Amino acid sequence: MEADRKTTRVYRVDPAAPDPIVIETAAAVLRRGGLVAFPTETVYGLGANALDPAAVEKIFAAKGRPPDNPLIAHIADRANLDGLVRRVSPEAGLLMERFWPGPLTLVLPRNAAVPAVVSAGLPTVAVRMPDHPVARALIRAAGVPLAAPSANTSGKPSPTEAAHVLSDLRGRIEAILDGGPCEVGVESTVVDLSGPVPVLLRPGGVTLEDLERVLPQVETAPELGAEIRHPLSPGMKYTHYKPSAEVLLVAGAAPAVAGKMEELVQQQRREGKRVGLLVTAELGSLLDRDDCRPDFLGHLGSRCDLTEAAFRLFGLLRECDQKKLDIVLAEALPETGIGLAVMNRLRKAAGYRILQAGQPD
Ligand code: TXA
Ligand code: MG
């Protein structure tokens, strides 16, 4: 693989007015079967021509992605949907109407024109219409749908800045369009509409409450259901976003969580370990800074508005890696609105290890 190392060109693009020459340069790479990372409102995507199986194969190789994990096809216009899917259910129509363009991915019956490799052989295909001017301009200029997973090395946090993409994929892809930081910060919500009842497969930028306002019924995927019904139950197998430090979630009433974190920081530091904390402003204000001196303190914003936690989360997890921490203690957050998506990612990063401080609330 190292034999065909590429020169990765980084192009800055103003999201307010993407330069058509830069967009066309990147689109030409895609049409030739190459790989281009581009910003979306959620995270950076690693794009290839979704209708070219050889190009799509390169995505799996560049990311080290397991071949059984299907990709999302990105479109810019509703007219592009027909070539990708066989059927659009009334529920799917409602969701597109309400949330496209935006951070919502719909799983629909796959049209035979879509190469099987995009969907890892499944009879369905995931489709999303992103709401980012650079993504939209690139898809239109390429003239084809773009298969695009998050532009990280498989197993790392998704990239929310071009620098994250470069650090993971330099030498493995042709180009990166740098449109600045991604607004949402966690990936799109994935809803399966191929069966009789819509099923939430991954919480994301469109909240479960948003979906419930539009759909008469939404189910949750079994593993996600277990998370939501028993939000603090450990022992689930996935570790998807795995920082090099050990991550531990600390749950409970704020004063108890602060007390537990202080105790753990002191204990770990006595053992010569490097400790990081990821906390909201409210929890941070309860920590005794004389007793509790972590090696890294990451701010998740306010508990009252978790959009900031979503925006910052993946960048903070990457910083924890850079700071060579041994252990990261993260505050468990309320699971309402975007909090559900943030906690889903944090639980995975923690390998589902959750410590209850004080009595469960
Ligand atoms: O926000 C996002 O969705 C970003 C940006 C780039 O659009 N993309 C992204 O892609 O997060 P990726 O590949 O990292 O995550 C796609 C998720 C995976 O969990 C995958 O298993 C699921 O969507 N998925 C894709 N196709 C599917 C299908 N046909 N059936 C069920 N799940 C599918
Ligand atoms: Mg991903």
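Note that ligands are numbered from 1 as they come in the structure, with each ligand's atoms numbered from 1 the same way. Owing to the predicted nature of the structure, the values given are computational and were not obtained by experimental measurement.
Salt-bridge formation is detected for the pair E24/R31: a Lys NZ or Arg NE/NH1/NH2 atom is positioned less than 4.0 Å from an Asp or Glu carboxylate oxygen. Ion pairing of R312 with E319 is absent here, as no side-chain N (NZ or NE/NH1/NH2) approaches a carboxylate O to less than 4.0 Å. Between E174 and R32, none of the side-chain N atoms (NZ, or NE/NH1/NH2) sits under 4.0 Å from a carboxylate O, so this pair counts as no salt bridge. With respect to K323 and D295, no salt bridge is recorded, no charged nitrogen being found less than 4.0 Å from a carboxylate O. Between D321 and R318, none of the side-chain N atoms (NZ, or NE/NH1/NH2) sits under 4.0 Å from a carboxylate O, so this pair counts as no salt bridge.
The residue from L201, L46, V127 that puts a heavy atom closest to atom 32 (N) of ligand 1 is L201.
Side-chain contact between I354 and R347: present, with at least one pair of heavy atoms (C-beta onward) separated by less than 4.5 Å. Two residues are said to be in side-chain contact when any heavy atoms from C-beta on lie closer than 4.5 Å; S188 and T40 fail this criterion.
Taking a cut-off of under 4.0 Å to the non-hydrogen atoms of V43, the atoms of ligand 1 that pass are 4 (C). When each atom of ligand 1 is checked for a heavy atom of S150 under 4.0 Å away, the hits are 8 (N), 9 (C), 10 (O), 12 (P), 14 (O). Interface atoms of ligand 1 facing G45, defined by a heavy-atom separation under 4.0 Å, are 6 (C). Under a 4.0 Å criterion applied to the non-hydrogen atoms of E187, ligand 1 contributes the atoms 1 (O), 2 (C), 11 (O).
The proximity of D192 to ligand 1, defined as any non-hydrogen pair under 4.0 Å, does not occur for either the backbone or the side chain. The side chain of R65, and not its backbone, has at least one atom closer than 4.0 Å to an atom of ligand 1 (non-hydrogen atoms only; side chain from C-beta on).
For the Mg ion (ligand 2), the N/O/S atoms of S158 include none lying under 2.8 Å.
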Residues 48-63 side chain polar contacts: donor-acceptor under 3.5 Å, at least two apart:
residue: N49; atom: OD1; partner: L51; partner atom: N; Å: 2.8
residue: D52; atom: OD1; partner: A54; partner atom: N; Å: 3.1
residue: D52; atom: OD1; partner: A55; partner atom: N; Å: 3.2
residue: K58; atom: NZ; partner: G33; partner atom: O; Å: 2.7
residue: K63; atom: NZ; partner: S150; partner atom: O; Å: 2.6
residue: K63; atom: NZ; partner: N152; partner atom: O; Å: 3.1
residue: K63; atom: NZ; partner: N152; partner atom: OD1; Å: 3.4

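For the pair R202 and ligand 1, the shortest N or O to N or O distance falls below 3.5 Å. The shortest N or O to N or O distance between T124 and ligand 1 is under 3.5 Å.
Ligand 1 does not have R110 within reach: every non-hydrogen atom of the residue lies 4.0 Å or more from it.
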